[in-house]
Each structure stands twice: as structure tokens, then as C-alpha cells.
Student: 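My structure is below; once you've seen it, I'll send some questions.
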Protein chains: 2
Amino acid sequence: MDTDFIRETLDLVGDKWSMLVIGALANGDARYSDLDTTIPALSRRTLTLTLKRLQRSGFVERTSYPEVAPRVEDSLTALGTSLLSAIQHLAAWSSDHHTEVRRQQDRYDRSAPHSTRRA
Amino acid sequence: MDTDFIRETLDLVGDKWSMLVIGALANGDARYSDLDTTIPALSRRTLTLTLKRLQRSGFVERTSYPEVAPRVEDSLTALGTSLLSAIQHLAAWSSDHHTEVRRQQDRYDRSAPHSTRRA
DNA sequence: CTGGATCCTATGCGATACTG
DNA sequence: CAGTATCGCATAGGATCCAG
């Protein structure tokens, strides 16, 4: 188990939104405006930056239609799809275990004057 | 593909160090000082905070030996181990594809006056 | 519709120093 | 050895406004 590889992956897509955008693209969102609306908590500025980074690493490919009302479509490349499947494991894990996680957190929170928690 | 589950996982262990610490624990590091030395870039302050969060969600279990020179040992719980396997997929992905990623980044960087890159 | 520029804030995290 | 407190900073990312 080489932790360096974990570090590398995190450096690539360990920010707040990259994995989510990859998931949304996999779900069929293609247009910039689609992503903008299906992930409301993500600001347009950050969406643009995130897509650019994903393009740079070859996860996402962009097609621009230079029409009068500009339109762009982003899609996962083969490389992006390969990463998607690893991300899906994380999502599946959460789906399977989030209830248990919440139970653990409650237990911990009710147990003592611990101090460090988070949301 | 429910992106909410991605979000949840990231909220749990999407910070800079959690997954790495889980990986290190899986590698047999147990003592606080082991972790401190095998992940030199991680400050002791943050190590403490990270371990506490991992304990709160039930990923890590702690045993303290109240000896004259205090000693603590942390280990992955069953829950933590279940998450580890999802993390291993990420690491495996990186191991398989990091070369290709670098090639893509180089190509991108040499191709244009793009502006947003990172490390 | 998409994108860039500016500004501003939150906060994650390191450095350091001190305690039992 | 492990933990806590204080400080300081870098940076991610939101809000807003302007532009093609």
C-alpha cells in the first residue's frame, strides 16, 4: 500500500469539487450550464477553474460550439472514466456505511468532553 | 451514480491527510510517533486533529498506555478497514495511470497560453 | 451562455513553545 | 511521548461585476 499514490490522487482531484464534477459528467451532464445547475453549491468561477484543471490532466475533454450564444460541452475521456470507477467505489462505500458512520459520531459526541469534531 | 455520496465521503476524509493516515495505519504504523515519522510533511498538531476526527467517525480506535512515557496506539476498526479498500482503489488507479496523467499535463502545458494549472 | 477580473473571507495547516 | 495553545499565513473558493 503505497501512500504516495494516495497523495498523488489527492493532489489531482482532492479539492472540494473535482470528484463531484466527474460524477456529474458521468451522469450525463455535459454543458457548463448543466453542471452549474445540478451542483448549485458550486460557484461558476470555481466550476470554470475545476474544469480547466480536469482538462489539463486529461480527465475531461471539451468541445466548444462558437455559436452566437456560446455553448461548450465537456465529457469524460477514457482516462477520466478510469478514475470514475475508483470514485464510484468511494460513493458505494458511503452508500453502504454512512448510517454506521453517523451512529459512531453520535456515540462519540454523547460520550465525553471531547473537543474536536466537525459538522 | 449518486453524487451526494461522493460529497459525504469527501466531507469525512476529503481533507489533506485523513486518507493518508488511514493508509499508514493499514501499513502497520500504530504509534503516534510512528505516524509522525513516516509522514514527515504532517505536523504533529494536524496529526492529532486528524486522528481525533477519524476516531469520532469510528474509523480509528485508540488504546492509551498510561505509562511514565505516555504511549498511544491507533488502529483501524472494521469500519475503517472497509473504507481503506475504497481508498486502495484510488491508490491503484494512480499507480496505473500517473504516467499517463503526467503526459497529458505536459501536452497541455506545452500547447497554449492556458493559464490555470497547478503544481 | 460562458468566462474572466477583482475583491474578500474562511479556514486549514504549519511553526513554535509549553505541559504532564 | 503525546497533547494543547497561540500565532500567522497561504490559499481555496464565494460574490459581484464586466465582456465577448
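We name chains A, B, ... by the order of the sequence lines, and we start the count at 1 in each one.
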Student: Using only side-chain N and O atoms of K52(A), determine if any of them is under 4.0 Å from OP1 or OP2 of dG4(C).
Tutor: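 Answer is yes, contact under 4.0 Å.
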
Student: How about S18(B) and D15(B): does a side-chain donor come under 3.5 Å of a side-chain acceptor?
Tutor: yes

Student: Using ring pair (Phe, Tyr, Trp, His ring centres under 6.0 Å) as the criterion, list what pairs up with Y32(A), not counting sequence neighbours.
Tutor: none

Student: I need the CG-C1' distance between L51(B) and dT4(D), as an integer number of Å.
Tutor: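 Distance check: L51(B) CG to dT4(D) C1' gives 15 Å.
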
Student: What is the separation between atom CG on L35(B) and atom C1' on dG3(D), rounded to the nearest whole Å?
Tutor: 15 Å

Student: In residues 60-69 of chain B, which residues come under 4.0 Å of DNA chain C by heavy atom?
Tutor: none

Student: Given dA2(D), dG3(C), dT4(D), identify the nucleotide with an atom nearest to the side chain of Y32(A).
Tutor: dG3(C)

Student: For R103(A), enumerate each residue passing the side-chain hydrogen bond (donor to acceptor under 3.5 Å, both in side chains) test, keeping only those at least two apart in sequence or located in another chain.
Tutor: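 Once residues adjacent in sequence are excluded, the partners of R103(A) under the side-chain hydrogen bond (donor to acceptor under 3.5 Å, both in side chains) criterion are E100(A).
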
Student: Which pairs, protein N/O on one side and nucleotides 13-17 of chain C N/O on the other, fall under 3.5 Å?
Tutor:
from	atom 1	to	atom 2	distance (Å)
dC13(C)	OP1	K16(B)	N	3.1
dG14(C)	OP1	W17(B)	NE1	3.3
dG14(C)	OP1	A41(B)	O	3.2
dG14(C)	OP2	S43(B)	N	3.4
dG14(C)	OP2	S43(B)	OG	2.6
dG14(C)	OP2	T46(B)	OG1	2.6
dG14(C)	O6	R45(B)	NE	3.3

Student: Got a sec, which pairs hit salt bridge (Lys or Arg N to Asp or Glu O under 4.0 Å) with one end in residues 68-82 of chain A, sequence neighbours left out?
Tutor: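 Qualifying pairs: R62(A)-D74(A), E67(A)-R71(A), R71(A)-E73(A).
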
Student: What pairs with S57(A) under side-chain hydrogen bond (donor to acceptor under 3.5 Å, both in side chains), at least two apart in sequence or on another chain?
Tutor: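 For S57(A), the residues satisfying side-chain hydrogen bond (donor to acceptor under 3.5 Å, both in side chains) (neighbours in sequence not counted) are Q105(B).
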
Student: Write down the distance between CE (M19(A)) and C1' (dA12(D)), rounded to a whole number of angstrom.
Tutor: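 In whole Å, dA12(D) C1' lies 16 Å from M19(A) CE.
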
Student: With D2(B), which residues qualify under side-chain contact (heavy atoms from CB on, under 4.5 Å), at least two apart?
Tutor: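 D2(B): side-chain contact (heavy atoms from CB on, under 4.5 Å) contacts with D4(B), F5(B).
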
Student: Distance check needed: dG3(D) C1' versus D36(B) CG, whole Å only.
Tutor: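 So the CG-C1' distance, D36(B) to dG3(D), works out to 12 Å.
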
Student: Who are the side-chain hydrogen bond (donor to acceptor under 3.5 Å, both in side chains) partners of S75(A), not counting sequence neighbours?
Tutor: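 Once residues adjacent in sequence are excluded, S75(A) has no partner under the side-chain hydrogen bond (donor to acceptor under 3.5 Å, both in side chains) criterion.
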
Student: Side-chain N or O of S33(B) less than 4.0 angstrom from OP1 or OP2 on dA2(D)?
Tutor: yes

Student: Mind checking side-chain hydrogen bond (donor to acceptor under 3.5 Å, both in side chains) for R102(B) and listing every partner two or more places apart, or none if nothing turns up?
Tutor: E8(A), H98(B)

Student: Who are the side-chain contact (heavy atoms from CB on, under 4.5 Å) partners of S85(B), not counting sequence neighbours?
Tutor: Q88(B)

Student: If an axis is fit to five pairs at each end of the helix from dC1(C)-dG20(D) to dG20(C)-dC1(D), what is the angle between the two, to the nearest 10°?
Tutor: 40°

Student: Rounding to a whole Å, what distance do you find between L20(A):CG and dG13(D):P?
Tutor: 12 Å

Student: Between T9(B) and W93(A), does the side chain to side chain donor-acceptor pair (under 3.5 Å) criterion hold? Intermediate values first, please.
Tutor: CA-CA 8 Å; T9(B) 306; W93(A) 174 87; over 6 Å; no

Student: Of all residues at least two apart in sequence or in a different chain, which pass the ring pair (Phe, Tyr, Trp, His ring centres under 6.0 Å) check with W17(B)?
Tutor: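 Checked W17(B) against ring pair (Phe, Tyr, Trp, His ring centres under 6.0 Å); zero matches.
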
